[in-house]
Structure formats: structure tokens, C-alpha cells
Amino acid sequence: MRGAVITALGLAVVACAPRIEEVVLHRSNCEVCHRPLDPATGVPTGIEDAHPWHPLDCTDCHGGKAFVCATATVKVSGGETCPDDAWVYDQSKAHVPKGSIDGNLRAYSAQQLDGVDPTYLRFVNPSDPRVARYGCGGGNPRAGEAGGCHSAAVDAMTHATMTHVAGELAAPRWRVGAQPTSQPIVGAIEVLDTGAPNECTTPKLTRFRPVPVDPASTEPPIAPTVANVADQYFEKTCLRCHVASFGTNDRPGQYRSSGCAACHMPSADDGLTRGTDPWVDSQNPAHPLRHQLTRLPPITQCAHCHSGGARIALSYQGLREAGANGLNPPHARAKGYPLYGLDAGGLLEDEDTTNGFDETPPDVHFEAGMHCADCHRTAEIHGDGRIHADARCSVTVTCGDCHGTVRATASPKPEWPALVRATDGTLTLNRKSDGKALRVPQLKDAVTPGHPRHNPVAEQVMGLSASGTSHTDTVACETCHSAFVPTCYGCHVTMDFTRYGTSLSTGAQTYGAVEESRRYVSVNDLVLLKNRRGLLAPSMPAERLFFTVLSGPTAPGETGSKKLYAKRPAAFTDPDGSTRAAFGQRPIQPHTIRKRSQFQACDRCHSVGSVATPTNALLLDLTHGYGTQRFPEWACDASNDGGPTPVTTCDQSTDFVTYQLDAVQTREHKPLVVLDPKLGAALLSKPEVDRMRAIVVPEAPPVTYRTAIPKGAAVDPFWPRVTEERR
């Protein structure tokens, strides 16, 4: 009978602290240590209630033994109890034994966590995917007879993209020649999909465990080919963010737990607790902000993982990565402190502090107080129980779900209860953080003359033509409404086989320490691709990798380290047997939406002056994929590589060429990048480019931003510049 009042006050020596607590109630071992009584008031203070929506005891989730009796229990009416003088308050008896854990459990890789005693893993984190059934799902004692709790989410999580991250590995490995197709075959975990196969799923994933490279070998699969070295790079950098492990928890902005708590128990950017648990070191990072779950993970928590890759969480907040030293705008303002693995100058808030204008503003939805979960539905985040091959299938939300189309307004849907129709007929979105109703503008209203919210510019640009067509039939919303597109040109990777690096897959220390650096970063480039829906969309580079490999002696008598090769891109072999650099490019929704884009204008796609000699020819070349001269990279010629063969020399005097990194195709429409077929993306064809250029727009379209093309723009890495001048 827990909680029975002791008739005479007794003193219990508490094993978890060098103090004596006067116990008036038989309290659990958990509470005596983590929520001790205040000496002055007798009120318990300390660890927060992690789950205030439904009463749970600590052991319901964490396991362990909250009530320890030194003698046999005594049967009483309604159950059993312990004699008043036999209660034991002892940490060693209450906690689950650590067992054979070597070092810090939170630093374990996914493979290492698979070997941990589930009872102890549950004690540390009840939401880890391996034990979440007992902490968050139907195996919890409080779940009820029907399964209860969060069983559906827990079951789906084991197959979710955020757990296996297979899509992050598939296309890059295929491009460099490490696997035969872009279909996912490896991930952070091993998992089977038992459902009927379809275009969105893959039948199974094996754990990503590339064979260690031997720099002295010329035999596959251990020779230091670019494909093998790329696999080592992916293994030691790209598996940092998945919920099948706790993450590395080693840098500001990237602290989190595993499983459900990775999102639903947020951490501060510095990893320090602001909670009141007396047994959590407030000066030691890798602790959650508080011992409190949240239904709505804030954008700051999402950013702890989604600050990499497409940098969506950064862009959404109005931040962008800096380029290499000397390649940043002269008057830029940096964040000023290390974050997301970048140094104090690695994140820029403003491109130019002298013009009173923000070139990289936050997304309007961020300014409206919306978090990721306000748009992305539960099935997109938790998964639906299938192994999705990529974001094409796992992310289904579109702008039209809320804003409608030029032909019809949006309608509330049962699967999205936050979108409701107000009494005056307008659509509102109830913000999940506080329930505040946000009015949702409708595209049809903006293009309809006579409507109170009619916008003549919107009608001109997006309205229906006499034939019933609209720009929106062929152009994605984000193409014209993105305030900026973060575009990183050139990723330089040095793999040093004279030093050790940690495998994020297995946790093993193997030869091959990684160093990587960015070079150019632009925010105002528009390079069009067709996205998975066949719409014209902005794009960004993917895996524009240049590898440099260092090794120790590779032959008898050699001493010291040497450079096996430098600035070598992987080679991709086309069906006709020719090879080219395995550079990627992908359509992107950059999450930088504004009512009117700061850098988009009609002259981005259409001719100004004349079709034959447009005054904006340079701008058109950039948009249509032909590139400029602004981002040259002198490096090994991948076309000489002959595919993923053992390493050959690459002499700078004879084997180097200049890559123009903003070009995705030649003027003859020969591809210069490798597109992932799973995404359904495509380069613009010549007829499509010709149709766009055949449209001549005035020098000064009404109410648009001007795209300035100054002298020397073709080689200026900071052009196109944003200007607030309007015509």
C-alpha cells in the first residue's frame, strides 16, 4: 500500500545523497532522490513530471524498482504492504544494473545499442526504438487492455525514415558507384517490410557497414577507390542524425536523445538542463532541457538534425551557412557562436548589414509562429509502418492543402483537424503550440477580380488565361515564392588514413579521419529542374564531392605520409559507357516562403529586350542550367576515370579540368549532373527552354524586384545581389 502515512515520524537514511530526509509518507526511491522534500516547507521539489497528461509512475516507463522492502511483505486489506520500519531507500536496489556497458551509453552507435540489455536501455531511455513498446507503447503496464498508449506510433517508428535514414545513403552511394541502383539497400538499422511492394517502398534494409579501406591495396573491395573512400565518408558523417541512436551529442545545436525523446523531449542548443532534478549536473551537456515531454517538438529541436543536408531548418529561421574564408560578403553578420557543427562565423544572419535590408529573411510561416508539425502530419514524421524509399513518398503535404489553387479553395479534411472553416467562411489553421487561429489566404481569392482579397499582381502572374491555363499548372509555388535558396557549391573532403575515425554505424575506430570544408555558398541562384510532380522547381547541388586521400607508407622502404590523390570527384558511368563527375542536383522546397520573393522576377526565366539578344542572357543561362563563370573548380577530370576502378594518379598538369559548379547541363543539353530517378526529377529540355525564352517581358514589369546584372557579373560569386529597389 504505497503512500501510507507513518504514524510516527521516522528518519530514513537515503543512499542517493549524503543527507537524512524526514519521511512522512512512504515515497518511492525515485522521488526520495530525484524529488526530495524541501527542508523548510516539506514540499517535494525536483524532477519534472514527464507525462502530465496521464498519471504515470517513474517505473511504468523506466522500469527499475521504486519500492524496496527489507523483509517479506505483509498482507493487508486491499493488497500487500511493508512494515513501517522495513522500507529501504537504496539507489543500488532501485536502479537497473548497468551491466557490461563500457563508457557512455549515449555515445553508442546503433549497432552497439542493439547489444545492450533492453532492461538497462529502457531504464536510461524508455523511448528508444528497441524498448519503446514498454515505455511508450502497448507494453507499458498503464497501456490498458486495448494496447493503449502510443502503440501505433511506436510500431511505425521502427520503419520510419528518421529511424533508418536509408534515403540519405541510397542516391549518394549510387552516384559514386558504391551500389548498383538508387534503391535503398542499406540503412542505420536492419529492418524488413512485410507489406505488398509498391513504388514507394523497399523490401528490406541491411545495416550500413562498409569494408574498411586499405590504402596499400589495389584489390577491391578494400582498395582506396573513390567509391570506397566515399563510403567511409558517408559512414563517418552521414549517420549522425537518426533516432536509432542518441546521436553524437558533441556539438552545440545537435544534442538529443534516441527514439521518441529525440523529438518529444527537447534539448537546449548547449545541451544543458534547465530542470530541477538535483541529480542532473547542470554544467554537463547531453541532457534534455527538462524532464518533460511535449506534444509539439519546436523548430529548434527539429533543427538539431535538419540543419544539415538541405539546411531546411536553418533557412526556415532565416539563417544560412557561410562559405569558405574570403568567400563571404564583406559586410555580413554571423550568428556569433558555434552552432550545428559550425564555428562562430559559420552561420550568417544578414548578408549585408549596411543596407538596412535582410537578404535571408525567415519563412512567413516561421514568423507566424508555426512549427514543423503545423504542416507535416503525423504519418510523415512517425511513418506509416512501411520502409519508404525517399521523401517523395514519405512527405505528401503541399501548399495547396491549405492555400488551395487558382481554381478552387482548400477544404478542411478529417486527417487534418487543425484546418477549419471559420463562421465567416474563411479558412483558419489552429496553431498547435497554443491553438491560435491563423487566417489562411486562398490563392483563388487573390486572382479573382472583385474579391475583397484580390491582388492584381497575383492575377497577372498566376491567374487563368483566356485558354484556362495558369503559371501554377507548370511552376511549383516555391519557384517564385522562395526568398532565397541556400546553394553550396563544392564540398571538399580529406580522408586521412594515417589517423583513426569513428564509424557512426558500428562504433568501431578504423583508419580514415574525415575533414570537410565548404567553398562557395550562394543564396540567390535559381537553377530550375522539374520536380517529382513535373513542375518547374528550384534546385540545389547534392554531393558535389572532391576527395583528397592521405595515407602512410604503401610500399617497402617508404616513410612518412603521402597524398594518394587530390581533388578527385567520383566518376559516374552513363549507359553509353562514357564517364562524368558524379555530381548530384535535386529539386528543393527551401522553406523560405514569402508573399513576394525578394529575388524572383519575370526576367529569371523569360527574355528581356528580345529573344535573339536578351539583355538578361546571363541570368537565363543560370536559370536554365547552362551556368556562369562564377564558381570554377580546378580538379581531376572524372571523364578519364573509366568508372569505379582502383586508384590511378591524377596529375595537376595533365589531368585537371575546370568545372563550372553552377552548370547542370551543356548548351547541347548533355547532362553534367546525375539525377536520382526515384525522385522523378528531370533537367529542362531544349524545347522547354526555348518556350520560356520565347516570352519577352518588359524591362520593368510592374511591382517586381529588379534583377541587377552589373558589369563583371559572370565571374562575381556574390551576384545575383538582392536589392529592394522596385520598378
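A distance-only check finds no donor-acceptor pair linking the side chain of His669 to the backbone of Thr666 [under 3.5 Å]. Side-chain atoms of Arg311 come within 3.5 Å of backbone N or O of Gly309 as a donor-acceptor pair.
Of the N and O atoms on the side chains of Gln660 and Gln629, at least one donor lies less than 3.5 Å from an acceptor on the other residue. Side-chain contact, Gln509 with Thr502: a donor N or O sits under 3.5 Å from an acceptor N or O. A donor and an acceptor atom, one from each side chain of Ser522 and Asp525, are located under 3.5 Å apart. Looking at His331 and Asn355, their side chains never bring a donor and an acceptor atom within 3.5 Å of each other. Side-chain contact, Thr510 with Lys236: a donor N or O sits under 3.5 Å from an acceptor N or O.
We find that Glu190 and Arg209 are joined by a salt bridge, their nearest charged nitrogen and carboxylate oxygen being less than 4.0 Å apart. In this structure, Asp621 pairs ionically with Arg667, as a charged nitrogen and a carboxylate oxygen lie closer than 4.0 Å. With salt bridges taken as basic N to acidic carboxylate O contacts below 4.0 Å, none links Arg544 and Glu633. Between Arg630 and Asp716 there is no salt bridge, since none of the side-chain N atoms of the basic residue sits less than 4.0 Å from a carboxylate O of the acidic one. Between Asp496 and Arg499 a salt bridge is recorded (basic side-chain N to carboxylate O distance below 4.0 Å).
Taking the six-membered ring where tryptophan is involved, the planes of Tyr500 and Tyr511 are essentially parallel, since the angle between them stays under 30° and well short of 60°. The aromatic rings of Phe546 and His492 sit parallel, their planes meeting at an angle under 30°, below the 60° perpendicular limit.
Within 6.0 Å of CZ in Phe718 there are more than 12 heavy atoms belonging to other residues, nucleotides or ligands. Environment of CD in Glu168: sparse, with no more than 12 heavy atoms of neighbouring residues, nucleotides or ligands closer than 6.0 Å. No more than 12 heavy-atom neighbours from other residues, nucleotides or ligands sit within 6.0 angstrom of CG on Asn325.
Checked against the 6.0 Å centroid threshold, Tyr659 and Phe583 count as a close aromatic pair. With ring centers used as reference points, Tyr108 lies 6.0 Å or more from Phe246. Ring centroids of Phe631 and Tyr489 are separated by less than 6.0 Å, placing the two rings close together. For Phe208 and His164, the distance between ring centers is not under 6.0 angstrom.
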Inset, instruction - Evaluate the criterion side-chain contact (heavy atoms from CB on, under 4.5 Å) for residue pair Phe572 and Ser578; output intermediate values, then yes/no. - result: CA-CA 8 Å; Phe572 181 83; Ser578 62; over 6 Å; no

Inset, instruction - Go through the steps to decide whether Glu351 and Arg320 satisfy the test salt bridge (charged side-chain N to carboxylate O under 4.0 Å, His left out), and finish with yes or no. - result: CA-CA 9 Å; Glu351 300 281 302; Arg320 71 94 154 170; 2.6 Å; yes

Inset, instruction - Give the intermediate values and the outcome of side-chain contact (heavy atoms from CB on, under 4.5 Å) for residues Leu528 and Glu688. - result: CA-CA 11 Å; Leu528 288 179; Glu688 288 169 329; over 6 Å; no

Inset, instruction - Run the numbers on Arg240 and Asp250 for side-chain contact (heavy atoms from CB on, under 4.5 Å), then give the verdict. - result: CA-CA 11 Å; Arg240 180 179 294 273; Asp250 60 352; 3.2 Å; yes

Inset, instruction - Would you check, one step at a time, whether the test side-chain contact (heavy atoms from CB on, under 4.5 Å) holds for Gln665 with Gln585? - result: CA-CA 11 Å; Gln665 62 182 342; Gln585 190 81 6; over 6 Å; no

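Under the side-chain hydrogen bond (donor to acceptor under 3.5 Å, both in side chains) criterion, Thr506 pairs with Ser503, sequence neighbours left out.
The closest side-chain heavy-atom distance from Pro614 to Leu620 is below 4.5 Å. Side-chain contact between Glu516 and Thr494 is absent, with no heavy-atom pair separated by less than 4.5 Å. Put simply, the side chain of Leu314 reaches to within 4.5 Å of the side chain of Glu321, judged on heavy atoms.
Each of Val549, Asn228, Asp231 was checked for a side-chain contact (heavy atoms from CB on, under 4.5 Å) with Val213, and the lone residue meeting it is Asn228.
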